[in-house]
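Accompanying notes for the structure given below.
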2 protein chains.
Amino acid sequence: MTELAVSRKHGETRDKLLDAGLRLFSEKGFEGTSVMHIEAAVGLKPGNGSFYRHFKSKEALMEAVVRREIERVRSWRIAAAGFSTGERGREKYRQEFLQSLEAMEAIKDLINLLAREYGQGRFPELMAELRALLLDEGVSVFREEYRASMKQGVLREMDARILSSIMMSSLVGYHLANMYFGCEPGGVNREEFTEGLVELMMKQKGASS
Amino acid sequence: MTELAVSRKHGETRDKLLDAGLRLFSEKGFEGTSVMHIEAAVGLKPGNGSFYRHFKSKEALMEAVVRREIERVRSWRIAAAGFSTGERGREKYRQEFLQSLEAMEAIKDLINLLAREYGQGRFPELMAELRALLLDEGVSVFREEYRASMKQGVLREMDARILSSIMMSSLVGYHLANMYFGCEPGGVNREEFTEGLVELMMKQKGASS
DNA sequence: GTCTATAAGTAGATAGAC
DNA sequence: GTCTATCTACTTATAGAC
């Protein structure tokens with residue numbers, strides 16, 4: 001184990017390739033991005049295959065890019081275990097919704113890449129992993145939080161499964177509309193939007209049942 | 001004006017090319033779809049350029065595909081002017097939400113294509129037109145409907161701009177999660193989801209203010 | 001670890017026979 | 001309106017000098 005043909009720990013260039021790969025695959029899609037383009041982006045002379053000293057193929061770079069992003073998201077999840085602490089109420093939910101939008105913003109390249117490549121059958125296992133991470137885990141965290149809140153009587157009485165699905169879908173839709181169209185849906189900004197979501201979730205003043 | 005080099009009204013094959021173009025661009029992206037592939041899909045011998053008797057370039061096909069879809073959506077909009085009639089209430093909104101999801105399903109290839117190509121700078125004017133059609137018009141129809149409903153006192157009192165943005169984002173998010181991940185967010189089906197949206201919108205029993 | 005050079009394949013597009 | 005044949009450019013990837 002002296003030096004693998006294409007070993008795992010190169011230096012700066014490898015990291016630059018991962019960064020450029022994420023950005024370019026996200027912007028132009030996997031097919032739309034050539035290795036020459038990637039090489040040029042990191043300062044290598046394009047078309048001379050120096051890329052292949054770092055990754056054995058374009059597919060290998062794609063896989064490494066997605067795996068690195070998955071790990072990034074995982075480490076955030078662990079760090080943000082503070083989710084279910086603190087006093088439940090308007091302000092807490094408002095901040096959590098804003099944080100969700102910010103988190104999506106932070107991984108927008110990953111989301112974009114996912115949108116482009118998903119369903120094409122190119123990286124099925126990778127895409128399945130992303131789905132589990134982004135969608136399934138996200139909804140389930142929301143759901144458990146809402147269940148706890150309802151017991152405390154701060155939220156309107158409603159199936160927590162459905163409420164969490166709606167809140168999640170809503171944030172996802174808002175983010176994607178923003179991302180793809182570069183504008184806020186209906187001219188409603190983040191603060192108004194998240195405030196509105198909280199308003200809908202909370203028990204209305206004087207509600208009887 | 002006897003016969004343009006690549007004239008506008010060919011026959012069956014041209015339509016087949018438009019159909020195949022929509023499907024393939026949506027599935028594999030513009031860059032990911034080769035002219036050979038398109039030719040094969042409509043029964044032409046691939047790689048022999050018969051495609052170019054119908055469209056002067058791959059870009060030209062893309063443009064024609066999107067324009068045809070835009071017209072399709074426009075004609076629906078006109079036909080569905082019945083939106084703002086009928087008795088306002090739970091059942092009406094429930095059906096309208098379901099119809100929105102069905103409409104998105106019906107143009108999912110267009111949406112997918114949009115998601116893939118938007119922001120790449122390849123067809124800027126085309127994408128801007130789509131945005132106006134799908135997002136801006138959609139939200140504004142919702143908004144006016146809600147304004148009218150609030151006056152009648154069936155909806156909770158809330159900024160109609162924000163409510164319509166939330167409802168729209170929510171439907172878009174639900175649809176996209178479904179489309180990209182092939183499953184319902186949080187295992188909530190359409191009926192439950194739309195029912196939940198209505199529940200959130202309506203005035204709660206016994207709400208005072 | 002980057003460069004020169006180049007192989008082998010595929011892409012978009014055109015000319016002309018039928 | 002489809003086919004044969006072909007041009008040019010670009011793509012992924014490799015071999016080997018430095």
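As a basis for the values below, the full set of heavy atoms in this structure was taken, side chains included, without hydrogen atoms, waters or symmetry mates. Naming: A, B, ... by sequence-line order, numbering from 1 per chain.
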State which of C:dT14, D:dT11, C:dA11 makes the closest approach to the side chain of B:Y52. C:dT14
What I want to find out is whether B:E96 reaches B:K92 closely enough, with some N-O distance under 4.0 Å, to be called a salt bridge. yes
Could you tell me how far apart A:L17 (CG) and C:dG1 (C1') are, to the nearest whole angstrom? 12 Å
Please answer whether the main-chain N or O of A:G182 pairs with a side-chain N or O of B:R131 as donor and acceptor at a distance below 3.5 Å. no
Output one line per pair: protein atom, nucleotide atom from nucleotides 16-18 of chain C, and distance, for all N/O pairs under 3.5 Å.
| residue | atom | partner | partner atom | Å |
| --- | --- | --- | --- | --- |
| C:dG16 | O6 | B:R53 | NH2 | 2.3 |

Test: A:E191 and A:R94 ion pair at under 4.0 Å: no
Which nucleotide in the set D:dG1, C:dT2, D:dT12 lies at the smallest distance from any side-chain heavy atom of A:H54? C:dT2
Spacing between B:K56 atom NZ and C:dT14 atom P, to the nearest angstrom: 10 Å
Sidechain-backbone polar pair: B:E31 side chain, A:G29 backbone, donor-acceptor under 3.5 Å: no
Sorted by number, residues from residues 36-48 of chain A placing a heavy atom under 4.0 Å from DNA chain C are A:L44, A:K45, A:G47, A:N48
So, the side chain of A:E39 versus the backbone of A:S50: is there a donor-acceptor pair under 3.5 Å, distance only? yes
Of all residues at least two apart in sequence or in a different chain, which pass the salt bridge (charged side-chain N to carboxylate O under 4.0 Å, His left out) check with A:E59? A:R122
Ignoring hydrogens and geometry, is there a side-chain-to-backbone donor-acceptor pair from A:Y174 to A:V188 under 3.5 Å? yes
Residues which pass side-chain contact (heavy atoms from CB on, under 4.5 Å) with A:R156, listed by chain and number, not counting sequence neighbours: B:R156, B:E199, B:L200, B:Q204
Distance in angstrom units between B:F51 CZ and C:dG12 P, rounded: 9 Å
Measure from NZ on B:K16 to P on D:dG1 and round the result to the nearest Å. 12 Å
Could you work out, with side-chain contact (heavy atoms from CB on, under 4.5 Å) as the rule, every residue matching A:A115, not counting sequence neighbours? A:Y180, B:Y180
Taking CZ from A:F55 and C1' from D:dT12, how many angstroms apart are they, rounded to a whole number? 16 Å
Select one nucleotide: of D:dA13, C:dC3, D:dT12, the one nearest the side-chain heavy atoms of A:S57. D:dA13
Mind telling me whether A:F25 and A:F30 have parallel, tilted or perpendicular rings, with 30° and 60° as the class edges? tilted
Can you measure from CD (B:Q152) to CZ (B:R88) and round to the nearest 0.5 angstrom? 5.0 Å
Determine the contact category for B:S34: base if any of its heavy atoms lies under 4.0 Å from a base atom, sugar-phosphate if only primed atoms, P, OP1 or OP2 are that close, otherwise nothing. sugar-phosphate
Do any of residues 19-31 of chain A sit with a heavy atom less than 4.0 Å from DNA chain C, and if so which? none
